A.B. asks: 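Can you keep this structure in mind? I'll have questions shortly.
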Amino acid sequence: MLRRFLNWLFIQGYERRSIARKLSSVRSLMKFLAQTGYLAVNPAVDLRQPRLPQKLPPMLEVSEVERLLDAPDTRSPRGIRDRALLELLYATGMRVSEVANLRLSDLDLVEGVIRVRGKGTKERVALLHPESLRWLQRYLTESRPHFLRRGKQATDAVFVSQKGTPLTPRQIHRLVTQYACKVLGRGVSPHTLRHSFATHLLEGGADLRVIQELLGHASLAATQIYTRLSRTHLRRIYGKAHPRS
(Lines give C-alpha, C1' and ligand atoms only; values in the text may rest on other atoms or scores of the structure.)
Protein backbone atom coordinates (compact mmCIF):
# COMPACT_ATOMS: atom_id res chain seq x y z
CA MET A 1 0.00 0.00 0.00
CA LEU A 2 2.83 2.40 0.86
CA ARG A 3 4.62 1.63 -2.41
CA ARG A 4 1.41 2.24 -4.34
CA PHE A 5 1.08 5.57 -2.51
CA LEU A 6 4.58 6.61 -3.56
CA ASN A 7 3.93 5.49 -7.13
CA TRP A 8 0.72 7.54 -7.15
CA LEU A 9 2.67 10.62 -6.07
CA PHE A 10 5.05 10.16 -9.01
CA ILE A 11 2.11 9.77 -11.41
CA GLN A 12 0.53 12.96 -10.05
CA GLY A 13 3.71 14.85 -10.95
CA TYR A 14 5.00 15.67 -7.49
CA GLU A 15 8.62 16.86 -7.32
CA ARG A 16 11.09 14.40 -5.82
CA ARG A 17 11.74 16.69 -2.86
CA SER A 18 8.00 16.87 -2.11
CA ILE A 19 7.77 13.08 -2.28
CA ALA A 20 10.76 12.77 0.05
CA ARG A 21 9.08 15.05 2.59
CA LYS A 22 5.86 13.04 2.44
CA LEU A 23 7.82 9.81 2.78
CA SER A 24 9.55 11.22 5.86
CA SER A 25 6.14 11.92 7.42
CA VAL A 26 4.93 8.42 6.59
CA ARG A 27 8.05 6.88 8.13
CA SER A 28 7.62 8.89 11.32
CA LEU A 29 3.98 7.81 11.61
CA MET A 30 4.77 4.13 10.99
CA LYS A 31 7.61 4.20 13.49
CA PHE A 32 5.30 5.69 16.11
CA LEU A 33 2.57 3.10 15.43
CA ALA A 34 5.09 0.26 15.70
CA GLN A 35 6.62 1.62 18.93
CA THR A 36 3.21 2.07 20.59
CA GLY A 37 1.98 -1.38 19.60
CA TYR A 38 -0.64 -0.41 17.02
CA LEU A 39 1.40 -2.27 14.39
CA ALA A 40 3.35 -5.49 14.86
CA VAL A 41 6.14 -4.35 12.51
CA ASN A 42 7.13 -1.10 10.84
CA PRO A 43 6.14 -1.46 7.14
CA ALA A 44 8.09 1.65 6.10
CA VAL A 45 11.52 0.30 7.03
CA ASP A 46 12.35 -0.93 3.52
CA LEU A 47 10.89 2.02 1.62
CA ARG A 48 13.61 3.58 -0.51
CA GLN A 49 14.15 7.32 -0.52
CA PRO A 50 13.72 8.86 -4.02
CA ARG A 51 17.03 10.06 -5.42
CA LEU A 52 17.12 13.83 -5.12
CA PRO A 53 18.65 16.06 -7.81
CA GLN A 54 21.96 17.44 -6.58
CA LYS A 55 21.85 21.21 -6.33
CA LEU A 56 24.84 22.91 -7.88
CA PRO A 57 26.59 25.29 -5.49
CA PRO A 58 26.84 28.97 -6.49
CA MET A 59 30.14 30.25 -7.83
CA LEU A 60 31.73 33.41 -9.19
CA GLU A 61 33.36 34.10 -12.52
CA VAL A 62 37.06 34.98 -12.37
CA SER A 63 36.28 38.62 -13.18
CA GLU A 64 33.80 38.75 -10.30
CA VAL A 65 36.36 37.32 -7.89
CA GLU A 66 38.85 39.98 -8.97
CA ARG A 67 36.32 42.74 -8.30
CA LEU A 68 35.57 41.26 -4.88
CA LEU A 69 39.25 41.04 -3.96
CA ASP A 70 39.78 44.66 -5.00
CA ALA A 71 36.81 45.90 -2.93
CA PRO A 72 38.53 46.70 0.42
CA ASP A 73 40.14 50.12 0.84
CA THR A 74 43.71 49.09 1.58
CA ARG A 75 44.69 52.56 2.75
CA SER A 76 43.37 51.58 6.20
CA PRO A 77 44.41 48.78 8.59
CA ARG A 78 40.94 47.27 8.32
CA GLY A 79 41.09 47.29 4.52
CA ILE A 80 44.44 45.52 4.55
CA ARG A 81 43.04 42.86 6.88
CA ASP A 82 39.94 42.38 4.75
CA ARG A 83 41.97 42.12 1.54
CA ALA A 84 44.24 39.52 3.15
CA LEU A 85 41.20 37.58 4.37
CA LEU A 86 39.49 37.57 0.96
CA GLU A 87 42.73 36.61 -0.78
CA LEU A 88 43.21 33.73 1.66
CA LEU A 89 39.68 32.40 1.19
CA TYR A 90 40.03 32.31 -2.59
CA ALA A 91 43.65 31.13 -2.65
CA THR A 92 43.07 28.15 -0.37
CA GLY A 93 39.37 27.23 -0.58
CA MET A 94 39.26 27.03 3.21
CA ARG A 95 35.97 26.83 5.08
CA VAL A 96 35.02 29.91 7.08
CA SER A 97 35.33 27.97 10.34
CA GLU A 98 38.83 26.87 9.36
CA VAL A 99 39.89 30.46 8.73
CA ALA A 100 38.42 31.59 12.05
CA ASN A 101 40.36 28.83 13.84
CA LEU A 102 43.71 29.65 12.23
CA ARG A 103 46.56 30.27 14.67
CA LEU A 104 49.92 31.90 14.07
CA SER A 105 51.65 28.55 14.60
CA ASP A 106 49.70 27.17 11.62
CA LEU A 107 51.43 29.54 9.19
CA ASP A 108 54.64 28.82 7.33
CA LEU A 109 55.23 32.03 5.41
CA VAL A 110 58.66 30.91 4.19
CA GLU A 111 57.19 27.91 2.36
CA GLY A 112 53.86 29.62 1.68
CA VAL A 113 51.76 26.89 3.29
CA ILE A 114 49.13 26.71 6.02
CA ARG A 115 48.24 23.84 8.32
CA VAL A 116 44.45 23.55 8.29
CA ARG A 117 42.38 21.74 10.88
CA GLY A 118 39.33 20.53 9.00
CA LYS A 119 36.23 18.54 9.85
CA GLY A 120 36.69 15.74 12.32
CA THR A 121 40.06 17.16 13.47
CA LYS A 122 41.60 16.08 10.16
CA GLU A 123 44.61 18.11 9.11
CA ARG A 124 45.68 19.10 5.62
CA VAL A 125 47.99 21.59 3.96
CA ALA A 126 46.71 24.66 2.11
CA LEU A 127 48.89 26.48 -0.38
CA LEU A 128 49.33 30.24 -0.80
CA HIS A 129 50.15 31.84 -4.14
CA PRO A 130 52.50 34.88 -4.08
CA GLU A 131 49.73 37.50 -4.16
CA SER A 132 47.81 36.03 -1.22
CA LEU A 133 51.08 35.55 0.67
CA ARG A 134 52.00 39.19 0.09
CA TRP A 135 48.73 40.48 1.52
CA LEU A 136 48.86 38.09 4.47
CA GLN A 137 52.38 39.25 5.34
CA ARG A 138 51.34 42.88 5.05
CA TYR A 139 48.36 42.28 7.33
CA LEU A 140 50.49 40.51 9.94
CA THR A 141 53.10 43.29 10.03
CA GLU A 142 50.84 46.37 9.68
CA SER A 143 47.22 45.73 10.65
CA ARG A 144 47.25 42.95 13.21
CA PRO A 145 49.66 44.69 15.66
CA HIS A 146 47.53 47.84 15.31
CA PHE A 147 44.37 45.93 16.32
CA LEU A 148 46.07 44.02 19.13
CA ARG A 149 47.11 47.25 20.84
CA ARG A 150 43.38 47.91 21.33
CA GLY A 151 42.69 44.48 22.77
CA LYS A 152 42.58 43.65 26.46
CA GLN A 153 43.84 40.08 26.08
CA ALA A 154 46.56 38.54 23.94
CA THR A 155 45.52 36.08 21.24
CA ASP A 156 47.32 33.89 18.75
CA ALA A 157 44.39 33.95 16.31
CA VAL A 158 45.54 35.01 12.85
CA PHE A 159 42.55 37.19 12.01
CA VAL A 160 41.36 39.60 14.68
CA SER A 161 38.74 42.32 14.89
CA GLN A 162 39.47 46.01 15.29
CA LYS A 163 39.06 45.42 19.04
CA GLY A 164 41.82 42.82 19.03
CA THR A 165 39.53 39.83 19.54
CA PRO A 166 39.50 36.78 17.22
CA LEU A 167 37.16 37.11 14.25
CA THR A 168 34.23 34.70 14.46
CA PRO A 169 32.79 32.75 11.50
CA ARG A 170 29.72 35.00 11.64
CA GLN A 171 31.86 38.14 11.40
CA ILE A 172 33.83 36.73 8.48
CA HIS A 173 30.61 35.75 6.72
CA ARG A 174 29.19 39.26 7.20
CA LEU A 175 32.41 40.83 5.95
CA VAL A 176 32.39 38.83 2.70
CA THR A 177 28.68 39.48 2.14
CA GLN A 178 29.03 43.23 2.62
CA TYR A 179 31.86 43.56 0.11
CA ALA A 180 30.00 41.37 -2.40
CA CYS A 181 26.86 43.49 -2.13
CA LYS A 182 28.97 46.58 -2.64
CA VAL A 183 30.76 45.54 -5.84
CA LEU A 184 28.63 42.69 -7.24
CA GLY A 185 25.18 43.83 -6.21
CA ARG A 186 24.36 40.58 -4.41
CA GLY A 187 25.32 38.67 -1.31
CA VAL A 188 28.11 36.11 -1.51
CA SER A 189 29.12 33.75 1.26
CA PRO A 190 32.66 32.54 2.04
CA HIS A 191 31.53 29.10 0.83
CA THR A 192 30.91 30.60 -2.61
CA LEU A 193 34.60 31.50 -2.74
CA ARG A 194 35.41 27.90 -1.79
CA HIS A 195 33.27 26.62 -4.69
CA SER A 196 34.81 29.17 -7.04
CA PHE A 197 38.31 28.13 -5.95
CA ALA A 198 37.61 24.47 -6.78
CA THR A 199 35.83 25.18 -10.06
CA HIS A 200 38.51 27.54 -11.35
CA LEU A 201 41.21 24.98 -10.50
CA LEU A 202 39.33 22.31 -12.43
CA GLU A 203 38.84 24.62 -15.39
CA GLY A 204 42.56 25.36 -15.29
CA GLY A 205 43.38 21.68 -15.68
CA ALA A 206 43.92 20.57 -12.06
CA ASP A 207 43.41 16.90 -11.30
CA LEU A 208 40.23 16.09 -9.38
CA ARG A 209 42.13 14.22 -6.65
CA VAL A 210 44.40 17.22 -6.11
CA ILE A 211 41.31 19.39 -5.64
CA GLN A 212 39.89 16.78 -3.25
CA GLU A 213 43.06 17.00 -1.15
CA LEU A 214 43.09 20.82 -1.14
CA LEU A 215 39.43 20.99 -0.12
CA GLY A 216 39.81 18.36 2.57
CA HIS A 217 37.04 16.13 1.22
CA ALA A 218 37.03 12.66 2.72
CA SER A 219 35.45 11.17 -0.41
CA LEU A 220 36.05 11.91 -4.07
CA ALA A 221 32.28 11.79 -4.59
CA ALA A 222 31.95 15.12 -2.76
CA THR A 223 34.46 16.68 -5.16
CA GLN A 224 32.92 15.30 -8.34
CA ILE A 225 30.14 17.89 -8.27
CA TYR A 226 32.67 20.35 -9.72
CA THR A 227 32.87 18.33 -12.91
CA ARG A 228 29.22 19.27 -13.48
CA LEU A 229 29.90 22.89 -12.61
CA SER A 230 32.55 23.04 -15.31
CA ARG A 231 30.29 21.94 -18.16
CA THR A 232 29.62 25.57 -19.01
CA HIS A 233 33.36 26.08 -19.39
CA LEU A 234 33.65 22.94 -21.52
CA ARG A 235 30.83 24.12 -23.76
CA ARG A 236 32.57 27.46 -24.30
CA ILE A 237 35.75 25.66 -25.31
CA TYR A 238 33.79 23.31 -27.56
CA GLY A 239 32.06 26.29 -29.19
CA LYS A 240 35.37 27.94 -29.97
CA ALA A 241 37.28 24.85 -31.03
CA HIS A 242 34.85 22.71 -33.04
CA PRO A 243 34.82 23.67 -36.75
CA ARG A 244 31.07 23.01 -37.08
CA SER A 245 29.98 24.85 -33.93
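Remember, predicted model here, so these are calculated numbers, not experimental data.
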A.B. asks: Counting only heavy atoms not in Q153, do more than 12 fall under 6.0 Å of its CD?
C.D. replies: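 Open.
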
A.B. asks: Starting at OH of Y90, measure out to NE2 of H200 and round the result to the nearest 0.5 Å.
C.D. replies: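 The OH atom of Y90 sits 4.5 Å away from the NE2 atom of H200.
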
A.B. asks: Distance check, rounded to the nearest 0.5 Å: N42 atom CG versus R27 atom CZ?
C.D. replies: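 Going from the CG atom of N42 to the CZ atom of R27 covers 9.5 Å.
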
A.B. asks: Which word best sums up how the rings of W8 and F5 line up, parallel for under 30°, tilted for 30 to 60°, or perpendicular for over 60°?
C.D. replies: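 Correct class here is parallel.
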
A.B. asks: Please report the closest heavy-atom contact between R81 and F147, naming both atoms and the distance.
C.D. replies: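 Looks like CD-CE1, 3.9 Å.
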
A.B. asks: Between atom CG of L136 and atom CD1 of I80, what is the distance when rounded to the nearest 0.5 Å?
C.D. replies: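 Here the interatomic distance stands at 12.5 Å.
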
A.B. asks: Can any side-chain N or O of S196 pair as donor or acceptor with the backbone N or O of L60 at less than 3.5 Å?
C.D. replies: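 Flag set: sc S196 to bb L60 pair under 3.5 Å.
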
A.B. asks: Would you kindly confirm whether V26 and L29 end up in one hydrophobic cluster when ILVMFWY residues are joined by side chain heavy atoms under 4.5 Å apart?
C.D. replies: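 Shared cluster, yes.
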
A.B. asks: Apply side-chain contact (heavy atoms from CB on, under 4.5 Å) to the pair L104 and R144, showing each step before the final yes or no.
C.D. replies: CA-CA 11 Å; L104 294 175; R144 190 175 181 276; 3.6 Å; yes

A.B. asks: May I ask you to decide whether E98 forms a salt bridge with R124, counting only side-chain N to carboxylate O separations under 4.0 Å?
C.D. replies: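 Yes, E98 and R124 are salt-bridged.
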
A.B. asks: Would you say CD of E213 has more than 12 non-hydrogen atoms from neighbouring residues, nucleotides or ligands within 6.0 angstrom?
C.D. replies: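 Not more than 12 within 6.0 Å, no.
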
A.B. asks: What verdict does the side-chain contact (heavy atoms from CB on, under 4.5 Å) test give for V176 and V96, after you've listed the backbone C-alpha separation in whole Å, the side-chain angles of each residue and the deciding distance to 0.1 Å?
C.D. replies: CA-CA 10 Å; V176 175; V96 63; over 6 Å; no

A.B. asks: Between R174 (side chain) and P169 (backbone), is there a donor-acceptor pair under 3.5 Å?
C.D. replies: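 Checking the backbone N and O of P169 against the side chain of R174, no donor-acceptor pair under 3.5 Å is found.
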
A.B. asks: Considering all heavy atoms of both residues, which atom of V160 and which atom of Y139 are nearest to each other, and what is their separation?
C.D. replies: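 Here V160 and Y139 meet closest at N-OH, 3.1 Å.
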
A.B. asks: So for atom CD, which belongs to Q137, do other residues, nucleotides or ligands contribute more than 12 heavy atoms lying within a distance under 6.0 Å?
C.D. replies: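 Counting neighbours around CD of Q137, more than 12 heavy atoms of other residues, nucleotides or ligands fall under 6.0 Å, so yes.
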
A.B. asks: Could you check if a side-chain atom of Q212 sits within less than 4.5 angstrom of a side-chain atom of H217, using non-hydrogen atoms only?
C.D. replies: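 Side chain of Q212 against side chain of H217, heavy atoms only: contact under 4.5 Å found.
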
A.B. asks: Before accepting this row, confirm whether a basic side-chain N of the pair D73/R75 lies closer than 4.0 Å to the acidic partner's carboxylate O.
C.D. replies: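 Salt bridge: yes.
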
A.B. asks: Using 0.5 Å steps for rounding, measure from the OG1 atom of T177 to the CG atom of L184.
C.D. replies: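 Result: 11.0 Å between the selected atoms.
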
A.B. asks: Could you tell me if the side chain of P145 sits less than 4.5 Å from the side chain of R149, heavy atoms only?
C.D. replies: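 Counting from C-beta outward, R149 and P145 do come under 4.5 Å.
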
A.B. asks: Taking N101 for its side chain and S97 for its backbone only, find out whether a donor-acceptor pair lies under 3.5 Å.
C.D. replies: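 Answer holds: yes.
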
A.B. asks: By side-chain hydrogen bond (donor to acceptor under 3.5 Å, both in side chains), which residues pair with D108, not counting sequence neighbours?
C.D. replies: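 Partners of D108 by the side-chain hydrogen bond (donor to acceptor under 3.5 Å, both in side chains) criterion come out as none, since no residue qualifies.
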
A.B. asks: Counting only heavy atoms not in R3, do more than 12 fall under 6.0 Å of its CZ?
C.D. replies: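 At most 12 heavy atoms, drawn from other residues, nucleotides or ligands, come within 6.0 Å of this atom.
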
A.B. asks: Report the distance from atom CD of E111 to atom CG of L127, rounding to the nearest 0.5 Å.
C.D. replies: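 Answer rounded to 0.5 Å: 10.5 Å.
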
A.B. asks: Measuring only between side-chain heavy atoms, which start at C-beta, is V65 closer than 4.5 Å to F197?
C.D. replies: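 Of all side-chain heavy-atom pairs linking F197 with V65, none is under 4.5 Å.
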
A.B. asks: Could you tell me whether R48 atom CZ has more than 12 heavy atoms of other residues or ligands within 6.0 Å of it?
C.D. replies: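 It does not: R48 CZ has 12 such atoms or fewer within range.
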
A.B. asks: Between S189 and T192, do the side chains contain a donor N or O and an acceptor N or O under 3.5 Å apart?
C.D. replies: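 Yes, side-chain donor-acceptor contact under 3.5 Å.
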
A.B. asks: Hydrophobic clusters here meaning ILVMFWY residues chained together by side-chain heavy-atom distances under 4.5 Å, can you tell me if V62 and L201 are in one?
C.D. replies: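 Result: no, two separate clusters.
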
A.B. asks: Begin with the C-alpha distance, continue with both residues' side-chain angles, and end with the deciding distance and a verdict on side-chain contact (heavy atoms from CB on, under 4.5 Å) for L6 and L2.
C.D. replies: CA-CA 6 Å; L6 291 178; L2 293 178; 5.8 Å; no

A.B. asks: Can you name the closest pair of heavy atoms from A71 and Y179 and give their distance?
C.D. replies: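 For A71 versus Y179, the nearest heavy atoms are CB-CD2, 3.6 Å.
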
A.B. asks: Answer with yes or no whether the side chains of S24 and R21 bring together a donor and an acceptor at under 3.5 Å.
C.D. replies: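 No, because no side-chain N or O of R21 sits under 3.5 Å from a partner of the opposite role on S24.
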
A.B. asks: Please identify each residue that fulfils side-chain contact (heavy atoms from CB on, under 4.5 Å) with R103, with sequence neighbours left out.
C.D. replies: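 Scan of R103 (side-chain contact (heavy atoms from CB on, under 4.5 Å), adjacent residues dropped) gives S105, D106, D156, A157.
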
A.B. asks: List the steps, then state whether side-chain contact (heavy atoms from CB on, under 4.5 Å) holds for T155 with L148.
C.D. replies: CA-CA 8 Å; T155 177; L148 289 180; 3.8 Å; yes

A.B. asks: Going by side-chain contact (heavy atoms from CB on, under 4.5 Å), name the residues that satisfy it together with V99, two or more places apart in sequence or in a different chain.
C.D. replies: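 Counting only residues at least two positions away or on another chain, V99 forms a side-chain contact (heavy atoms from CB on, under 4.5 Å) with L85, L88, L89, M94, F159, I172.
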
A.B. asks: Holding to side-chain contact (heavy atoms from CB on, under 4.5 Å), I want the full list of residues that pass it with S132, two or more places apart in sequence or in another chain.
C.D. replies: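 Only E87, A91, L128, H129 meet the side-chain contact (heavy atoms from CB on, under 4.5 Å) criterion with S132.
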
A.B. asks: Looking only at non-hydrogen atoms, find the nearest pair between A198 and I211 and report the distance.
C.D. replies: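 Smallest heavy-atom distance, with atoms named: O-CD1, 3.7 Å.
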
A.B. asks: Do side-chain atoms of R117 reach the backbone of K122 as a donor and acceptor pair under 3.5 angstrom?
C.D. replies: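 Between the backbone of K122 and the side chain of R117 there is no qualifying donor-acceptor contact (under 3.5 Å).
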
A.B. asks: To the nearest 0.5 Å, tell me how far T74 OG1 sits from R83 CZ.
C.D. replies: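 It comes to 7.0 Å.
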
A.B. asks: Transitive ILVMFWY cluster of M1 at side-chain heavy atoms under 4.5 Å: who else is in it?
C.D. replies: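 Members other than M1 - counting any ILVMFWY side chain reachable under 4.5 Å - there are none.
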
A.B. asks: With a cut-off of 3.5 Å and sequence neighbours excluded, list every side-chain donor-acceptor pair involving residues 30-41.
C.D. replies:
unit_1	atom_1	unit_2	atom_2	d
T36	OG1	F32	O	2.7
T36	OG1	L33	O	3.4

A.B. asks: If you measure from the Lys or Arg side-chain nitrogens to the Asp or Glu carboxylate oxygens, is any gap between R67 and E64 under 4.0 Å?
C.D. replies: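 Between E64 and R67 there is no salt bridge, as every charged N stays at least 4.0 Å from the carboxylate O atoms.
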
